[in-house]
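Naming convention: chains lettered A, B, ... in sequence-line order (proteins, then strands); numbering from 1 in each chain.
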Amino acid sequence: MEYSAKNIENKWQQYWEENESFEPSEDFTKEKKYILSMFPFPSGRLHMGHVRNYSISDAFARYHRQQGKNVLHPIGFDSFGMPAENAAIKNGSHPKNWTYDNIDYMKNEFYSLGFSFSRKREFATSDELYTKFEQGFIIDMYNKGLLYREKGMLNWCPHDQTVLANEQVVDGCCWRCDTPIVKKDMNQYYFKITAYADELLDDLKKLEGGWPKQVLTMQENWIGKSNGLAFDLYFDNESLLKLSHTFERFDVFTTRPDTVYGISYTALAPEHEIITYMIENKLLDDTVIKQIETMKNASSIDRQKEKSGVALGLHVKHPLTGELIPVWVANFVLMDYGSGAVMAVPAHDERDYDFAKKYDLPIKAVIKPFNAEHDFSKTAFTEVGELINSDDFIGINSQKVQKHIIEMFEEKGIGKKTTNYKLKDWGVSRQRYWGAPIPFIHCDTCGLVMEKKENLPVALPEDVEITGEGNPLENHPTWKHCKCPECGGDALRETDTMDTFVESSWYFLRFCASPSNWGKEAFSFEQIKYWMGVNHYIGGIEHAILHLLYARFFTKVFRDLGYIDFDEPFERLLTQGMVLKDGAKMSKSKGNTVDPDAIIEKYGADTARLFILFAAPPTQELEWNDSAVEGAYKFIKRFFERSANVVPCNEKPQINHSDLNKEEKFARKKVYEALKRAEDVYNERYTFNTMIAGVMEAMNALNVQKNTNVWSEGYWILSSIMEPVIPHTCYEISEKCFHLNNLVPQEILEEVFVEESICLGVSINGKKRGEIEVATDASKDDILSAAKENIAKWLDGKEIVKEILVPKKLVNIVVKG
RNA sequence: GCGGAUGUGGUGAAAUUGGUAUACACGCCAGACUUAGGAUCUGGUGCCGCAAGGCGUGGAGGUUCAAGUCCUCUCAUCCGCACCA
């Protein structure tokens, strides 16, 4: 039997397609498994990261299908987004054509890898039907107050000519093109994700055990909840006069109420409204205004380089002591956290300390180390200590005093306990063509109105010019002109489109919908109830925050809108490691990519899949290795060719274990060990590499014996447990040898693990010195005396203190002298 | 700085509860078959040492009859967040 990957793979891919082998059943009484891998952006062709992603999910899907579960393993395309437009600018293709051509190509690649996706449920998020339902949800969210429009300072990417969400700004640069972002003041739509901040944080606990710790921590940090005290600082009379009483106070937030007695200056963000007022009313010198403008215009990277600031000539009164405190503007104060103003306690905060040193501001110590002194002329003291210079609180532990100080502020009515979050509302509008239009209309008479649901989708016009300049929808001659749904007068459509993360926030729900109903509804409550949550979600760690947080948010929103009845979408999350070559992530720019098509062409899909699952556990980085790929190929070839030793049969052969010789017994044991390991791997551990190693061991053991029944039984089992990994080869073997009857749950026969004798290690003081073979039922005394005899020369002249027998493992003799 | 991980042969990696460290594979070495081998098969392969033996899971301690595994400290690498008040 000669192994020909190409023939075998073509044959079975055709068979699966003709038989619709991977369509889930609509019988909702069956036990289900929803196996999902993160859907791809149709960039052109698959890369090895995709192959790894889908090889993992496919292994799960195929395993559970063998186990008789009703398996949903869908695939789609996250097909809106900038690259389609960039390609249009570069080579004049229409974004739609570019996208759908790529989808067609990539679909073929998927099926040439033998992935068992449900073909009937494929969709692309740029399909008008998908847009239609999404726009419906957007309207629902607006009506619920979860979407709003507001002017604000936004992250603007000058290269991509669009707004970015905070989450899409990486190191002050655009996450896609690395261009430094600038701030721009404009109208934008926001999802009120902050309304769910606490729930998004608290529910992370429900995911413990199912999600990687790292991802949970990243989300926790991103939400960034911190508790503290907020209070107002009031200007003194002189300052009030200067400001013409337009402002009489501003508020600040601190997580260190224990340090309030140490305030020696306060600082406002350059964007703070008081500053804006002062600039507009020429209350500052030109040189100062210039300095503030420089701070505001600096990129966020430059702004982090060095602290700078300038005094405003204003003073506030300390809330407790009434002391006058100077007000500064400082570049390190961020407008979008807290209230854009801070109380500065240089003695106990490094940042405040640096600033105070630079501008020679007073440093007032209010905490000292327990039983020690601290030199405040050199550094800040930021640890826990005892209070000094703090009225009634002197001598108290600085950590324990915090709640008392908060209580005091509340009793006096001058401040209150407050919680702050780093999480910001999610800005979703984009000034781009290739996205889902926001279904709103601007009417001079009625204001911002929703499109009527029966008019959805608001579809994109096809006749656009994509030049890279401005917003193509805005520039389109007719598209934006429409009638107001309320008053019927002339109105303008919103020309912003939605962030593509909106589509990926609910696609996993759409997959639950029966294709026969696709046109009527996004999904039904019953379908969702049956299929959700996702049992295994597999994808890259790069989505740890963005996509996974947004999808959790949408789930909670949909729950509150009554569409679904659960809190969390993904029960188990498996974040696969990156695929590396020569120690670096595969990337076009580094020129170290390996093309999946080339590997399929040379060795076949099964080889690619086997290598990828064998070379490392799924969560670890995977180093590409050409000769190991070759090794995977050789294993498959041997596995296939040695199936010639099997006598074809319709059921697993019955074997009388006691009739077998030593090699035959050993081979059976190895086969069943591999089976045991496979069950564990598919259900608990997901370390496919160890399962495959077990199968290889079993193969090696089978190969040193000649019993055809043992061969047949071995192949019956091994080709079943390997089918999720190398499906084509295993289907071929299964058909030739077992008429496709063996791809079913396998029973573990405990009899093969029963042995007459076992090997025990013998050690002295924990150091291995020998090995004995004893009867399984040997008495403790027999074993100990055999052990002592075995290592007699080591015991010579020593006194035995203790003898330890660990059943089925080892004997340890403890000696003295 | 804060948070999360990882560290085992020449390489990718095993070791499920503390119980014979290095399974499986790649590579390398030797042999067989061969006109040939980058094919196939067989055997060997942690390090030092002729050997006896010694050493060995980043390093240093500790707990234990017994530690890759548990505890303390430490070093290195990777990832995420970061002037968050």
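Under the 4.5 Å side-chain criterion, counting only non-hydrogen atoms from C-beta, A:L548 is in contact with A:V215.
Other residues, nucleotides and ligands contribute more than 12 heavy atoms inside 6.0 Å of the CD atom of A:E755.
Between A:Q620 and B:rA13 there is a side-chain N or O to OP1 or OP2 distance below 4.0 Å. Under 4.0 angstrom from either OP1 or OP2 of B:rG54 there lies at least one side-chain N or O belonging to A:R769. For B:rG18, the OP1/OP2 oxygens have no side-chain nitrogen or oxygen of A:K809 closer than 4.0 Å.
In B:rG9 the base sits syn relative to the sugar, since the glycosidic angle is no further than 90° from 0.
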Which protein N or O atoms sit under 3.5 Å from an N or O of nucleotides 23-28 of chain B?
{"unit_1": "B:rA23", "atom_1": "O2'", "unit_2": "A:E697", "atom_2": "OE1", "d": "3.4"}
{"unit_1": "B:rA23", "atom_1": "O2'", "unit_2": "A:E697", "atom_2": "OE2", "d": "2.9"}
{"unit_1": "B:rA25", "atom_1": "OP1", "unit_2": "A:N700", "atom_2": "ND2", "d": "3.3"}
{"unit_1": "B:rC26", "atom_1": "O2'", "unit_2": "A:S627", "atom_2": "OG", "d": "3.0"}

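Relative ring orientation between A:F639 and A:F635 is described as parallel, the plane-to-plane angle staying below 30° on a 0-90° scale split at 30° and 60°.
Pairing of B:rU57, defined by two Watson-Crick or G-U wobble distances under 3.5 Å, is not identified with any nucleotide. Checking B:rC50 for Watson-Crick or G-U wobble geometry (two distances, each under 3.5 Å) identifies no partner in any strand. Applying the Watson-Crick and G-U wobble criteria (two distances, each under 3.5 Å), B:rC78 pairs with B:rG4. Figure legend. B:rU63 is base-paired to no nucleotide; pairs are counted as Watson-Crick or G-U wobble with both atom distances under 3.5 Å.
With hydrogens and angles left out, the side chain of A:R351 and the base of B:rA85 share a donor-acceptor pair within 3.5 Å.
Atom C1' of nucleotide B:rG12 and atom CD1 of A:I612 are separated by 14 Å, given to the nearest angstrom. Going from atom NZ of A:K422 over to atom P of B:rG3 covers 12 Å, rounded to whole Å.
Among the atoms of the strands shown, none is found under 4.0 Å from any heavy atom of A:E623. In this structure, A:V215 reaches neither bases nor backbone, as no heavy-atom distance under 4.0 Å exists between it and the strands shown.
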